[in-house]
There are 2 protein chains.
Amino acid sequence: MEKYYELDTASVINYVNGKLDFFAKDAEYECLEIGDGNLNLVFRVNDKKNDKSLIVKQSLPYVRAAGEDWPLDIGRGEIESRILQIEYKLTNGLVPEIYLYDGDMCCMVMEDLSDYKIMRYGLIEHEIYPNFVEQIADFMVKTLLLTSDVVMEHKEKKDYVKSFINPELCEITEDLVYTEPFNIGARNDMEENLVEFHKKNIVDDPKLAIEAAKLKFDFMNNAQALLHGDLHTGSIFVNKEQTKVIDPEFAFYGPIAYDIGALVANLIMNYLSSFYGMQEGPEKEKYCSWMLKTIKDTVDVTKTKFLSEWDDVVTDKMAKKEGYKEFWVDDVFINTAGVSGCEMTRRTVGFAHVKDLDGMTDAKARYKAKTTNLLMAKELIINRADYTNGQKYLDLIGKYCK
Amino acid sequence: MEKYYELDTASVINYVNGKLDFFAKDAEYECLEIGDGNLNLVFRVNDKKNDKSLIVKQSLPYVRAAGEDWPLDIGRGEIESRILQIEYKLTNGLVPEIYLYDGDMCCMVMEDLSDYKIMRYGLIEHEIYPNFVEQIADFMVKTLLLTSDVVMEHKEKKDYVKSFINPELCEITEDLVYTEPFNIGARNDMEENLVEFHKKNIVDDPKLAIEAAKLKFDFMNNAQALLHGDLHTGSIFVNKEQTKVIDPEFAFYGPIAYDIGALVANLIMNYLSSFYGMQEGPEKEKYCSWMLKTIKDTVDVTKTKFLSEWDDVVTDKMAKKEGYKEFWVDDVFINTAGVSGCEMTRRTVGFAHVKDLDGMTDAKARYKAKTTNLLMAKELIINRADYTNGQKYLDLIGKYCK
């Protein structure tokens, strides 16, 4: 902590120039603090003249709102920047580039994504992202397949497993995604008119409980690949051309289905909020059919890329046995459906909701969207073995959304 | 290394008395070096007068036969003694008691098991161990169930996972058990008259290859419980009264089925060597029927103990959901059959054999035992879903051994 001091909009420019050869000599600086400044200080440093900019994110040693009484592990940015660097390399740039991590200052200097938007907010405004599916499928296939035992040298993979064990953040998922939503109480949070519906359809279904339990222990025990661990639409920056995945703080070695399932679930929830929430007309038609296609393609394109990438990259001799690839991919997508169901459940009745659904202003439409979401979630968990391609999801959605 | 010196039969007595209050003042010492002295020095220190004894096992910093050119990690005994201490506590004494681990001297001081015999040698001599099943079932249920996520606090379990990651020794299992026996070449080692049989029945069966691959990745990814990791009959000390499990150097977090399956396979191979190798008569009849019962009971008693222990010890809220216990136990025993099949295969055609089969002197009987072993192994791997109770194993054995 001796070399640590808190940056401000004045000192950050000198700090960056002392560390990196990034800005031109004739730079005209503009510097803004853009974070909420509670856990981290986030600065955007922009050279207006040459149109070059970067982001500096510094961890604070305490929660600022609470003062020094609430200390934080100041080194938390180190794991995050390490993961981003791994993912950057694996995906050829589908995460922000890290220019520097400085352990003394607990500072991450990284690519500026000001011309991107958080995908969840873009989707809530019914924006269409034509390149999204291709790029997110690439992100998932590269980060997941290439960090698994079918590709990596096994001892090196075990070193990764060890360094990315993440007990605190995994516990959040174990509780909030895989436990509380299937029970009554704890931190569950739902609209009053869902309380009975939740109890009857989710909590009191013994079959659902067993299947959710299986998925929970798969999450905890199956160290299959280096997951992002929180791959919902709020962790993705997009614009019309490009996709960048951010915030890998939940990263750990877990089941590949967890990343894909979280994403698919959040797309489905956006679809429900649009189908039930948008005014009838050509805009709704256009957006909803794009989103349906996006859901289908997220499953199918990712699956196709896994299958086609496999032969080029797989090194394990047993993984190369004929037919194992198809088993492996189907298994991933079966559990993807199960994870989607858990994510859809917890975002409706659990502690953390999604703005797509909660932001619907018409109470009746919102009730319809949320109850439909729960019923589809349940189907996805219990009958996940059926959901091995994108059309199955559209069939399910079509059954409910008429 | 400053405080390290090599013990000998004279200095070991002073060493022990300087560390432990174990021997009486009037002790009459007898001290023997009983190990092969290549990787470790092993001493038995005995007080003849009071009939008290202990074992001192000191790691050497190099392979003695090869001289100082082949250095070894001298701290390897630390993990072993830590595991033994955990298992001792969990099983109420079904492993040797560790009196002391001394990191400076790389010394483990432990319970003397001179009145026990390595089980494999006892079984080869057709000895019967009436208490074995109850005790080994206890060992497996306690060490496996109690270190899994259904019982342990999840963050503490992740700490265990992390500290017991074991890349070098896991690699041995991944290669020798799960890869080489299903392929041609590498370190495989088989009798000449098995070469064609192996190729035709094992290597060239595409279905077997996929199922073995599934089991391999379950072994590598499924961090379910703290395994012994090498639980064959050569890692078990027995006598008529008592069972003690030794040598947990392969310990790591893996699938519970791996321990149970290794054991069951080694019992089956001993049965085959006895059925085909013993002279007809009452001794054979008695021994073989005891061994059949032992195989059946190892499965059934262990299963029953898992089920009955479950309700007392399980803490995870989702694991407690009605019906999950039965799913969990069946899943363990399905994979147990698969592991048994892999172990039986590799002990016949792979690098490391078992003396039960290799020691059969009649070449024809040995061929019959080994080919039967391979055919049963294949059935256990491919149709493992059928093997959820002990009678199924007896039916399989009965089909071949007539």
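The analysis underlying the following values was restricted to heavy atoms, covering all of them including side chains, and did not include hydrogens, waters or symmetry mates.
Heavy-atom contacts from other residues, nucleotides or ligands closer than 6.0 Å to CZ of F327(A) number more than 12. Residue F351(A) qualifies as open at atom CZ: its count of foreign heavy atoms under 6.0 Å is 12 or below.
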Find the N and O donor-acceptor pairs between chain B and chain A that sit under 3.5 Å apart.
| residue | atom | partner | partner atom | Å |
| --- | --- | --- | --- | --- |
| H154(B) | ND1 | E174(A) | OE1 | 3.0 |
| K155(B) | NZ | E171(A) | OE1 | 3.2 |
| K155(B) | NZ | E171(A) | OE2 | 3.0 |
| K157(B) | NZ | N221(A) | OD1 | 2.9 |
| K158(B) | NZ | E174(A) | OE2 | 2.6 |
| E171(B) | OE1 | K155(A) | NZ | 3.2 |
| E171(B) | OE2 | K155(A) | NZ | 2.9 |
| E174(B) | OE1 | H154(A) | ND1 | 3.0 |
| E174(B) | OE2 | K158(A) | NZ | 2.6 |
| F182(B) | O | K321(A) | NZ | 3.4 |
| N183(B) | OD1 | K321(A) | NZ | 2.7 |
| K216(B) | NZ | D316(A) | OD1 | 3.3 |
| K216(B) | NZ | D316(A) | OD2 | 2.7 |
| N221(B) | O | A223(A) | N | 2.8 |
| N221(B) | OD1 | K157(A) | NZ | 2.9 |
| A223(B) | N | N221(A) | O | 2.8 |
| D316(B) | OD1 | K216(A) | NZ | 3.3 |
| D316(B) | OD2 | K216(A) | NZ | 2.7 |
| K321(B) | NZ | F182(A) | O | 3.4 |
| K321(B) | NZ | N183(A) | OD1 | 2.7 |

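Listed by chain and residue number, nothing satisfies the ring pair (Phe, Tyr, Trp, His ring centres under 6.0 Å) test with F182(B) (two or more places apart in sequence, or in another chain).
For the set V161(A), V150(A), I210(A), the count of heavy-atom pairs under 4.5 angstrom toward chain B peaks at I210(A). Between chain B and the options P255(A), A225(A), A319(A), the largest number of non-hydrogen pairs under 4.5 Å is found for A319(A).
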